[in-house]
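The structure presented is a predicted model; accordingly, all values stated were derived computationally and were not measured.
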Amino acid sequence: MLHVLEHPLITHKLAIMRSKDTSTKDFRQNLDEIAGLMAYEITRDVPTRDVVVETPMGDCHTKTLATDIVLVPILRAGLGMVNGICDLVPTVKVAHIGLYRDEETLEPHEYFAKYPKCMDDAVVMIVDPMLATGGSANAAITMVKRQGAKNIRLVCLVGAPEGVKAVEAQHPDVDIYLAALDDKLNEKGYIVPGLGDAGDRIFGTK
């Protein structure tokens with residue numbers, strides 16, 4: 001199922017990121033902030049357990065998280081979303097998936113993978129700023145399913161309809177969360193209007 005989180009703060013910060021004149025520092029800062037805002041919405045249904053906490057005034061019957069949350073950034077651009085979510089949920093565990101896209105075929109190729117041991121029961125959030133063709137997202141979802149993950153959420157800033165359809169077709173059991181659904185892909189597989197190459201803008205490499 002597709003969820004587009006059209007919150008005014010998210011839309012405002014994304015508008016700053018889209019501008020070609022935004023500096024690397026401001027791009028990175030707004031990405032951190034959007035990732036945290038998105039995580040707040042996405043984790044609304046995370047399982048909790050009843051606990052009793054002793055406050056200075058007495059016992060309080062309340063709830064705490066009952067399951068692990070695992071972030072899975074798709075390298076390298078996905079790393080830009082990790083800090084904002086870790087600031088909100090400091091107990092998250094972070095896996096890493098390294099994929100690169102063939103410039104001619106646009107197909108993803110794996111070059112690195114590292115996971116924690118709790119994938120079976122965890123809420124797994126695959127993060128990548130862009131959902132373009134859906135190839136990398138589909139490959140990453142397949143990889144975490146092989147590790148036993150069942151509760152999987154794909155979290156991206158900007159998506160194209162082509163990528164959404166590709167993920168929905170191959171992994172209909174995975175919820176997709178976007179800050180914005182853009183118009184289309186161009187002939188090179190980039191999202192239009194998009195925000196450019198997220199990895200280069202995060203790390204200042206172009």
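Here L31 contributes atom CG and D26 contributes atom CG; the two are 12.5 Å apart, rounded to the nearest 0.5 Å. Distance CD1/I176 to CE/M1: 11.0 Å, rounded to 0.5 Å. I34 CD1 to Q29 CD: the interatomic distance, rounded to the nearest 0.5 Å, is 11.0 Å. Going from atom CG of L195 over to atom CD1 of I16 covers 13.0 Å, rounded to the nearest 0.5 Å. Residue C156 holds its SG atom at 7.0 Å from CE of M81, rounded to the nearest 0.5 Å. Of the inter-residue distances, the one linking H96 atom NE2 with R76 atom CZ reads 14.5 Å to the nearest 0.5 angstrom.
Here the side chains of F112 and I97 are not in contact, with every heavy-atom distance at 4.5 Å or above. Using a 4.5 Å cut-off on side-chain heavy atoms (C-beta onward), Y190 and L185 make no contact. Taking the side chain as every heavy atom from C-beta outward, Q170 and T142 approach each other to under 4.5 Å. Within the 4.5 Å cutoff, no side-chain heavy atoms of T24 are placed close to those of F203. Two residues are said to be in side-chain contact when any heavy atoms from C-beta on lie closer than 4.5 Å; D183 and P193 meet this criterion. Counting heavy atoms from C-beta outward, R28 and N83 have side chains that stay 4.5 Å or more apart. Residues D173 and H171 form a side-chain contact, since some pair of their non-hydrogen atoms from C-beta on lies under 4.5 Å apart. Counting only heavy atoms from C-beta outward, the side chains of R49 and K63 never approach each other to under 4.5 Å.
Connection of I10 to V4 is not established within any shared hydrophobic cluster, with ILVMFWY side chains joined at heavy-atom distances below 4.5 Å, either directly or through further cluster members. The same ILVMFWY cluster, assembled from side-chain heavy atoms under 4.5 Å apart, contains both V46 and L5. Under the 4.5 Å side-chain heavy-atom criterion for Ile, Leu, Val, Met, Phe, Trp and Tyr, V82 and I126 are members of distinct hydrophobic clusters. Under a hydrophobic-cluster definition in which Ile, Leu, Val, Met, Phe, Trp and Tyr are linked whenever side-chain heavy atoms come within less than 4.5 Å, directly or via other members, L37 and L178 are assigned to different clusters. Residues M119 and V94 do not share a hydrophobic cluster, clusters being chains of Ile/Leu/Val/Met/Phe/Trp/Tyr side chains in contact below 4.5 Å.
Environment of NZ in K165: sparse, with no more than 12 heavy atoms of neighbouring residues, nucleotides or ligands closer than 6.0 Å. Remark: H12 NE2 is loosely packed, at most 12 non-hydrogen atoms of other residues, nucleotides or ligands lying under 6.0 Å away. Other residues, nucleotides and ligands place more than 12 heavy atoms under 6.0 Å from the CD atom of E41. With a 6.0 Å radius and a threshold of 12 heavy atoms from other residues, nucleotides or ligands, D175 has its CG atom above the threshold.
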L14/L157 under side-chain contact (heavy atoms from CB on, under 4.5 Å): CA gap, chis, key distance, verdict
CA-CA 8 Å; L14 184 57; L157 257 68; 4.0 Å; yes
Report the C-alpha distance between T205 and D200 in whole Å, list the side-chain angles of each, state the deciding distance to 0.1 Å, and finish with yes or no for side-chain hydrogen bond (donor to acceptor under 3.5 Å, both in side chains).
CA-CA 5 Å; T205 49; D200 284 336; 2.5 Å; yes
Under the side-chain contact (heavy atoms from CB on, under 4.5 Å) rule, what do I74 and V127 come out as? Steps first, then yes or no, please.
CA-CA 6 Å; I74 300 176; V127 295; over 6 Å; no
Take M125 and Y177 through the test side-chain contact (heavy atoms from CB on, under 4.5 Å) and record every step on the way to the result.
CA-CA 10 Å; M125 297 168 58; Y177 294 87; over 6 Å; no
side-chain contact (heavy atoms from CB on, under 4.5 Å) between M130 and I191: does it pass, once the steps are laid out?
CA-CA 8 Å; M130 314 301 285; I191 300 172; 3.6 Å; yes
Stepwise side-chain hydrogen bond (donor to acceptor under 3.5 Å, both in side chains) check, R153 with N151:
CA-CA 7 Å; R153 300 156 194 219; N151 189 342; 3.2 Å; yes
Going through the distances and angles, do D182 and R18 end up as a salt bridge (charged side-chain N to carboxylate O under 4.0 Å, His left out)?
CA-CA 12 Å; D182 278 13; R18 288 185 189 272; 2.8 Å; yes
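Residues G36 and L88 approach most closely at O-CD2, 3.5 Å, considering heavy atoms. Between A149 and V124, the closest heavy-atom pair is CB-CG2, 3.8 Å. Here the shortest heavy-atom pairing between C118 and V70 reads SG-CG2, 3.8 Å. Residues L99 and A140 approach most closely at CD1-N, 4.2 Å, considering heavy atoms. In plain terms, the two heavy atoms of A132 and G189 that are nearest each other are CB-O, 3.6 Å. Minimum interatomic distance between T67 and A122 (heavy atoms only, all atoms of both residues): OG1-CA, 3.8 Å.
At distances below 3.5 Å, at least one donor-acceptor pair connects side-chain atoms of T55 with backbone N or O atoms of G58. Side-chain atoms of H7 come within 3.5 Å of backbone N or O of L9 as a donor-acceptor pair. Here the side chain of K150 pairs a donor or acceptor atom with the backbone of G148 at under 3.5 angstrom.
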